[in-house]
Amino acid sequence: MTLEETMRELERLGTEQTRKTYLRHGAPQPLSGVNFGPLTALKKRIGTDAALARALWASGHTEARLLATMVVDAPAMPWKELDAWAKGLDWHTLTDVFVTNVVLRSPHAAKALTWTKSRSEWVGRAGWQSLAALLTKTAVLAEEDLLPWVKRIEAELPGAKNRVREAMNTALIAVGATGGAVQTAALATAKRLGRVEVDHGDTACETPDATQYIQKIQARKKAKARA
């Protein structure tokens, strides 16, 4: 499909209800209101198309960018391009989809952790979400000492930007799921930080309580060990 054909299809698939939902969740305009079901179906029709993905990303259109993360040839993206896409992120859902669809499929995934040092809310979020995703969905960080990450989260989370705090909280839970001494350290940090406050806008979304989540993980592991 060409860019023009794809944009027309996105406009056709959009609904006002989904458009309003996206706007409540902070999606920037322009947007058409296409939810993830039709986007996934459209992705299957397109397959992998790196050139189209770049054009969709450059359009600045909300659903076009979501679709771009689905059809891009992520394993072939050079670091410079991956980094440029990260710097173009503009809302939390796109950031998370970018991490799942692009970063985790990239040979440069571990390098994405450098984004945790960014002052940009969305680049910083991408970095911390990458840490959480790499820990829960891959073995990339299996041999890494995770205690420095726990210390950084405790020191930096209180002063971090809104959606970065949310991602750091997610990362703390992911670190706490690894077990051993680092789990103990993550739980202690979660207790000291308390429940992390995140402004989710006009939505019913809530931020997970890291202490409760890590304790549940501990309980499940103990139960499994006794079984």
Side-chain angles (χ1 to χ4, degrees), residues 69-70 72-87 89 92 95-161 163-193 196 207-227:
T69 71
M70 299 177 180
V72 72
D73 187 0
M77 286 181 76
W79 165 252
K80 185 176 181 179
E81 185 174 21
L82 186 71
D83 189 50
W85 278 36
K87 290 173 180 174
L89 294 166
H92 65 93
T95 301
D96 299 351
V97 170
F98 167 72
V99 169
T100 299
N101 292 344
V102 186
V103 175
L104 288 186
R105 296 173 54 228
S106 167
H108 311 291
K111 199 171 180 179
L113 300 181
T114 60
W115 297 332
T116 59
K117 299 178 181 179
S118 175
R119 293 183 179 181
S120 161
E121 182 171 15
W122 307 120
V123 179
R125 180 182 177 88
W128 290 103
Q129 288 290 82
S130 293
L131 174 62
L134 287 170
L135 286 172
T136 57
K137 299 179 181 180
T138 78
V140 171
L141 302 179
E143 304 302 320
E144 180 160 327
D145 179 8
L146 300 175
L147 285 175
W149 290 107
V150 177
K151 293 176 181 177
R152 276 194 62 192
I153 291 170
E154 183 160 358
E156 299 174 23
L157 188 149
K161 293 181 179 179
R163 291 294 183 171
V164 178
R165 290 197 305 276
E166 184 182 26
M168 293 176 86
N169 187 66
T170 301
L172 182 60
I173 293 171
V175 172
T178 60
V182 73
Q183 184 179 70
T184 302
L187 180 58
T189 289
K191 289 179 178 178
R192 285 191 290 268
L193 288 173
V196 176
T207 307
D209 185 312
T211 299
Q212 291 181 4
Y213 267 68
I214 295 171
Q215 287 175 332
K216 287 179 181 178
I217 292 166
Q218 284 182 326
R220 284 199 299 268
K221 287 186 175 182
K222 288 179 181 179
K224 187 176 181 180
R226 291 195 298 267

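Positions are given from 1 along the sequence.
- Applying the salt bridge (charged side-chain N to carboxylate O under 4.0 Å, His left out) test to residues at least two apart or on different chains, none of the pairs has a partner in residues 97-124.
- Annotation for G179 and V182: closest pair O-CG1, 3.2 Å, computed over non-hydrogen atoms.
- In terms of the salt bridge (charged side-chain N to carboxylate O under 4.0 Å, His left out) criterion, residue partners of R152 (sequence neighbours excluded) are, by chain and number, E156.
- The salt bridge (charged side-chain N to carboxylate O under 4.0 Å, His left out) check on R192 picks up E154, with sequence neighbours excluded.
- Residues passing the side-chain contact (heavy atoms from CB on, under 4.5 Å) test with T138, sequence neighbours excluded: L104, L134, V140.
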For side chain to side chain contact (heavy atoms under 4.5 Å, CB included), just list the numbers for L141 and L131, CA-CA rounded to whole Å, side-chain angles, deciding distance to a tenth of an Å, and then say yes or no.
CA-CA 9 Å; L141 302 179; L131 174 62; 3.6 Å; yes

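- Contacts classified as side-chain hydrogen bond (donor to acceptor under 3.5 Å, both in side chains) and involving residues 73-84 (residues at least two apart or in different chains) are given here: R54-E81, D83-K87, D83-W115.
- Applying the side-chain hydrogen bond (donor to acceptor under 3.5 Å, both in side chains) rule to D96 yields the partners R125, Q129; only residues at least two apart in sequence or on another chain are considered.
- With sequence neighbours left out, the side-chain contact (heavy atoms from CB on, under 4.5 Å) criterion links K191 to L187, T211, Q215.
- Residues L157 and T189 have side chains not in contact (no heavy-atom distance under 4.5 Å, counting atoms from C-beta outward).
- Legend: residues meeting ring pair (Phe, Tyr, Trp, His ring centres under 6.0 Å) with W149, ordered by chain and number and at least two apart, are W128.
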What side-chain donor-acceptor pairs closer than 3.5 Å can you find for residues 170-178, not counting sequence neighbours?
{"from": "T170", "atom 1": "OG1", "to": "E166", "atom 2": "O", "distance (Å)": "3.1"}
{"from": "T178", "atom 1": "OG1", "to": "V175", "atom 2": "O", "distance (Å)": "2.6"}

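- Residues satisfying the side-chain contact (heavy atoms from CB on, under 4.5 Å) criterion with S118, sequence neighbours excluded, are S120, V123.
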